[in-house]
Amino acid sequence: MPRRECLNPRCRVLHSGPGPRCPMCTSRQEQARDAARGTTTQRGLGADHQAAARVVLANAELCVVCGQPPTADDPLEAGHIIPRVRGGTNDITNYRAEHRSCNRSQGADLRQR
Ligand SMILES: [Zn+2]
Ligand SMILES: [Zn+2]
């Protein structure tokens, strides 16, 4: 394989890797992309999540999962009907009020399936 210069202007090392960048820069670039994706996901759980959760909780009196009212130890939380890992959105229609404990146990359940 012919050697070529790494595309990274700060690297410029001669390499014979499969891509335009040397293997080291390629893996660094992928790490940066993963980090950026993580931040976007976290940002997605930001303002619109807060707003939707507030509205759902403001109208909620009972837990949707078990039908019981909230307690001091087990307050209601806004949970996703379709988990975000399964493509659920932060749209208000994807939220429901559920106990913190119901939210957790259901999440664990979904992870096992
Ligand atoms: Zn490089
Ligand atoms: Zn409940």
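Order of appearance sets the numbers: ligands from 1, and atoms from 1 within every ligand. Keep in mind it's a predicted model, so treat the numbers as computed, not measured.
The backbone N or O of Cys25 lies less than 3.5 Å from no partner atom in the side chain of Asn8, so there is not a single donor-acceptor pair. The backbone N or O of His99 sits nowhere less than 3.5 Å from a side-chain atom of Asp74 that would complete a donor-acceptor pair. Under a 3.5 Å cut-off, the side chain of His15 and the backbone N or O of Gly17 do form a donor-acceptor pair.
Rounded to 10°, the angle formed at the Zn ion (ligand 1) by Cys25 SG and Cys6 SG is 100°. Rounded to 10 degrees, the SG-metal-SG angle spanning Cys22 and Cys11 at the Zn ion (ligand 1) equals 120°. To the nearest 10 degrees, the Zn ion (ligand 2) sees SG of Cys66 and SG of Cys102 at an angle of 120°.
Taking the N/O/S atoms of His99 in turn, the shortest distance to the Zn ion (ligand 2) belongs to ND1.
Residues Val55 and Tyr95 share a single hydrophobic cluster, defined by chaining ILVMFWY side chains whose heavy atoms lie under 4.5 Å apart.
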